[in-house]
Amino acid sequence: MEENEEPVQSPTGKRQKCCKEIEDLEDPDEEEEEENSELPSTPYGSFYYPLIPSAIVVCDALEPDFPIIYVNTIFELFTGYRADEVLGRNCRFLQYRDPRAQRRHPLVDPVVISGIRRCLQEGLEFQGELLNFRKDGTPLVNRLRLSPIHEDSGVVTHVIGIQVYSEAKIDLNRVSYPVFKEKCQQPCDHSEGSVS
């Protein structure tokens with residue numbers, strides 16, 4: 001199968017690549033990583049969990065900064081934010097431990113953030129794990145899948161985010177490096193903008 005680009009080594013040592021086919025995402029090292037994952041493995045891939053509730057977020061890709069236009073109840077329950085508090089905002093606020101913070105928490109992996117931007121700019125689907133925070137500051141692992149939705153002309157109109165949250169078992173005061181990964185796939189056209 002043909003890849004869009006060569007694998008890249010991130011500063012955290014994780015392999016990253018954008019692929020046309022989901023089979024291209026298979027990585028021999030991934031089995032070891034999945035064994036350490038808090039979520040069970042499935043025969044449908046690492047991002048399909050039919051028995052685990054998924055948070056759903058829909059963003060408007062035609063507006064600057066991809067504002068949220070819909071969140072489901074699962075999103076509200078896991079993050080502690082009500083829909084009326086997040087509609088019109090970009091999802092990056094989940095990367096801030098304190099709602100009043102001006103910057104992302106230092107443990108949020110900047111390589112993953114760059115990967116999200118790159119995948120969306122190139123019109124690729126994104127899959128990865130990202131450190132997020134509940135409204136009360138509790139850390140969460142967000143197993144995220146972003147899928148661009150495009151109209152017949154190929155312009156991306158919306159991005160759907162499917163999020164499976166789990167407790168982040170990290171001591172925010174002791175860990176000094178990011179421990180999350182990302183992947184993207186499936187090319188499609190995309191208008192200007194960024195989710196992160």
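Predicted model, so just to flag it, every value in this text is computed and none were measured. Note that the numbering runs from 1 along the sequence shown for the chain.
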*Where do Ile160 and Leu146 land on the side chain to side chain contact (heavy atoms under 4.5 Å, CB included) test, with the steps shown first?*
CA-CA 6 Å; Ile160 297 177; Leu146 297 174; over 6 Å; no

*Please check if Val58 and Ile162 belong to a single hydrophobic cluster, counting links between Ile, Leu, Val, Met, Phe, Trp and Tyr side chain heavy atoms closer than 4.5 Å.*
yes

*Any donor-acceptor pair under 3.5 Å from Gln95 side chain to Asn132 backbone*: no

*For the residue pair Pro148 and Leu124, what are the closest heavy atoms and their distance?*
CG-O, 3.9 Å

*asked:* Strictly below 4.0 Å, N to O, side chains only: are Asp65 and Arg92 in salt-bridge contact?
replied: yes

*asked:* Working note: Thr79 + Leu94, criterion side chain to side chain contact (heavy atoms under 4.5 Å, CB included); need CA distance, chi angles, decisive distance, verdict.
replied: CA-CA 8 Å; Thr79 66; Leu94 292 169; 3.9 Å; yes

*asked:* Could you go through Ile116 and Leu144, starting from their C-alpha distance and side-chain angles, then the distance that decides it, and tell me whether this counts as side chain to side chain contact (heavy atoms under 4.5 Å, CB included)?
replied: CA-CA 10 Å; Ile116 291 171; Leu144 175 64; 4.1 Å; yes

*Point-to-point distance, once rounded to the nearest 0.5 Å, from CZ of Arg104 to CG of Leu130*: 9.0 Å

*What is the minimum heavy-atom distance between His158 and Ala61, and which atoms define it?*
N-CB, 3.7 Å

*Rounded to the nearest 0.5 Å, what's the gap from CG on Asn142 to CG on Leu131? Could you check?*
9.5 Å

_Gap between atom CD1 of Ile69 and atom SG of Cys59 - 0.5 Å precision_ = 7.5 Å

*4.5 Å side-chain heavy-atom contact, Leu107 and Ile170*: yes

*Working to the nearest 0.5 Å, report the span between SG of Cys119 and CD of Gln127.*
10.0 Å

*Considering all heavy atoms of both residues, which atom of Pro67 and which atom of Pro64 are nearest to each other, and what is their separation?*
CD-O, 3.5 Å

_Residues in ring pair (Phe, Tyr, Trp, His ring centres under 6.0 Å) contact with Phe93, at least two apart in sequence or another chain_ = Tyr81

*CD1/Ile68 to SG/Cys91 distance, rounded to the nearest 0.5 angstrom?*
3.5 Å

*Kindly say whether Phe78 contributes a backbone atom to a donor-acceptor pair with the side chain of Arg134 at under 3.5 angstrom?*
yes

*Spacing of CG belonging to Asp60 relative to CG belonging to Leu87, to within rounding of 0.5 Å*: 12.0 Å

*What do you reckon, are the aromatic ring centroids of Phe133 and His105 less than 6.0 Å apart?*
yes

_Would the distance check show the side chain of Glu85 and the main-chain N or O of Arg82 forming a donor-acceptor pair, the cut-off being under 3.5 Å?_
yes

*List in chain and number order the residues that pass side chain to side chain contact (heavy atoms under 4.5 Å, CB included) with Asn72, two or more places apart in sequence or in another chain; answer none if no residue qualifies.*
Ala55, Ile56, Tyr70, Ile74, Phe75

*asked:* Determine whether Ser147 and Glu125 satisfy the following criterion, side-chain hydrogen bond (donor to acceptor under 3.5 Å, both in side chains), listing intermediate values before the conclusion.
replied: CA-CA 5 Å; Ser147 297; Glu125 187 173 277; 2.9 Å; yes

*asked:* As a quick check of understanding, evaluate side chain to side chain contact (heavy atoms under 4.5 Å, CB included) for Val141 and Glu167, giving each step before the final call.
replied: CA-CA 6 Å; Val141 173; Glu167 180 183 337; over 6 Å; no

